[in-house]
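Here's the structure we're looking at; comments come further down.
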Amino acid sequence: MTTVQEYDLEIAFPEAKAVIHFDDSAYHGNSTMQRVDFIAEYEDRSIFVEIKDPDNPSAQDVPAFEQKLNSGKLVQSLSGKFRDTLFFRSVQGKGDLSVVYVVLLSMKKLEAALLLTKQDDLKKSIPIRHADWARDCAASCIILNIEQWKKRFGDQSIRRISEGAA
Amino acid sequence: MIAGVEIENFTAFGSLQLSLSPRVNVVIGSNGTGKTHLLKAIYGLALAGLPPSDDRSAKEVAAEISRKLLRLFSPEERRIGTLRANGAKAPTRLNLVSSDDARVAISFSSRSQAVQIKVDAGGSGHELQPVFIPTKEVLSLVRGMCHADHDRATVEMIFDDGYIDLAELLVRPGFDDEASSLDDDPRLSSVVHELVDLVGGRYRWTSEGAFRFEPGRYEAKADPARSKSEAAQAYQDSTVTRFVPKGGQSLSSGMTAEGYRKIGVLHRLLCNGSINPGATGVLLWDEPEANLNPKLMKKLVQLLLELSRNGQQIVLATHDYVLLKWFDLLMEKGKEDHVRFHVLVREEDSEAIAVHSTDDYDQLVNTGIAKTFSELYDAEIERSLEGVTL
């Protein structure tokens, strides 16, 4: 099973063929390409995973993050990462896989209504669909908090390292 | 100010005790948990606490309040006993306690002809005139309700007194033409101006006995009655604020958006002094969100907070997440804002209605309103990640 770590979070991908740590400066050199944190590859699809963890106990400057969230800059950055990563994969010859974009946003105080709004904004910002496209550029796109992540993928699928056992 | 309300064996309620914030109170709860009944009960109690006119006996006052309660709640049978809770054995009691310890108590039993009222004026006196704004918009209905040829019985069959009382408040003369009385209280005039800006004009009572919408806005202009040197000394005092109509014809109120008319109601009540913090009583507003464009909600909440800062006690009932959230986001503790949320729930075992009050928005996670969005979010995730595993 592949397990990856992003600062204080550990995420398991039990069924993935491979999980690429995509946001790696050494790999991308001086390119200004924006990239998602991880790409998990499966037979028939790939999952782009971007992690935002302001609830990390050692997170720096949470107010700045909130400002980014409220001003719409966060959604803009999340959509940019998706587009650039999709471009990279397409040139790489892996563009024929169906893509699911999952953003993990650990922010307990964000209510469902606000998460839903941000998610709708993200879909429009990317955009997932265009009148002149033959197909959607992603099979789906979702923003999950940790609670929803566990509900969806199981309690063992994610753990906060500073809190110890899963 | 109303400090607390106690209800026993009345309509949907078994036993309910409520401690009100002197500023803003927001009542939430699913349909059928008695939000509107609670607002009307407070309204009825506040009316019963008004100082009686000299020429009426206690018996006449009791009969009138009984009639008022029947007219507010409109039960099918016009008998006060029908307003008792189903199956109640003990008498029905409604109590209101003011912050100055004045008390109003209404009681009746199944066979009462009329309610009993006990008013203990306490330290400084009686309740002040309350205002109840019902769910549906009233501005466009006023013409029919107050027309010289109207048939009172028919109007009363259609509308309960929540509507009729408001219509009567709306037609009280307002200052409308002169800005002078407004400038007496600059805090309130800013609220009035912003309400007008919000909908792009004002509703005016016309000589034809109806409200018409007049597009325009308030603008400050130099006072022509003052000399330039005087004006330079005291700019504040040297301007007059007047309503400046903006081209276009006035519209009958029925031709304007219903959400605008709801804003218009608040505007009118402020302009004719029906809402005057300190001089008038509690403002009870049932579902301000009904027919209101959610975009107007932020401003409306700001204005309600502004009224409360000027000493207006407010009790709202709502189903609306947007309204709740704006109160959470816009209240400023530094400005001594205070919002108390009262959640009405039907207890699963006893079916009785209970109230949970909190000053902390974060405690509201389990309300129906928050759950609705959780369900939406769950459904969205389900659709997006159908068949996806890690």
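Heavy atoms only: backbone and side chains are in, while hydrogens, waters and symmetry mates are out.
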Could you tell me which portion of [X] (side chain, backbone, both or neither) has an atom closer than 4.5 angstrom to a non-hydrogen atom of chain B?
| X | result |
| --- | --- |
| A:Gln148 | side chain |
| A:Ala113 | both |
| A:Ala12 | backbone |
| A:Lys123 | side chain |

[X] atom [atom1], over 12 foreign heavy atoms within 6.0 Å:
| X | atom1 | value |
| --- | --- | --- |
| A:Asn30 | CG | no |
| A:Lys108 | NZ | no |
| A:Gln60 | CD | no |
| B:Lys295 | NZ | no |
| A:Arg45 | CZ | yes |
| B:Glu332 | CD | yes |
| B:Glu347 | CD | yes |

Would you check, one step at a time, whether the test side chain to side chain donor-acceptor pair (under 3.5 Å) holds for B:Tyr377 with A:Gln119?
CA-CA 10 Å; B:Tyr377 184 40; A:Gln119 182 172 295; 5.3 Å; no

Mind checking the [atom1]-[atom2] spacing from [X] to [Y]? Nearest 0.5 Å is all I need.
| X | Y | atom1 | atom2 | value |
| --- | --- | --- | --- | --- |
| B:Thr389 | A:Tyr42 | OG1 | OH | 6.0 Å |
| B:Tyr361 | A:Lys109 | OH | NZ | 12.5 Å |
| B:Leu390 | A:Thr2 | CG | OG1 | 11.0 Å |
| A:Asn145 | B:Ile381 | CG | CD1 | 7.0 Å |
| B:Glu380 | A:Leu115 | CD | CG | 11.0 Å |
| B:Asp328 | A:Glu111 | CG | CD | 7.0 Å |

side-chain contact (heavy atoms from CB on, under 4.5 Å) for B:Leu385 and A:Phe153? Distances and angles first, verdict last.
CA-CA 10 Å; B:Leu385 295 180; A:Phe153 301 122; 3.9 Å; yes

Begin with the C-alpha distance, continue with both residues' side-chain angles, and end with the deciding distance and a verdict on side-chain contact (heavy atoms from CB on, under 4.5 Å) for B:Tyr321 and A:Leu114.
CA-CA 11 Å; B:Tyr321 172 81; A:Leu114 299 176; 3.6 Å; yes

Turns out that what part of B:Glu382 lies under 4.5 Å from chain A's heavy atoms comes down to both

Give the member of A:Val49, A:Leu116, A:Ile11 that has the highest number of heavy-atom pairs under 4.5 Å with chain B.
A:Leu116

Side-chain heavy-atom pair B:Val388, A:Val102 within 4.5 angstrom cut-off
no

For a quick test of reading the model, state the closest non-hydrogen atom pair linking A:Cys141 to B:Ser384 and the distance between them.
O-OG, 4.1 Å

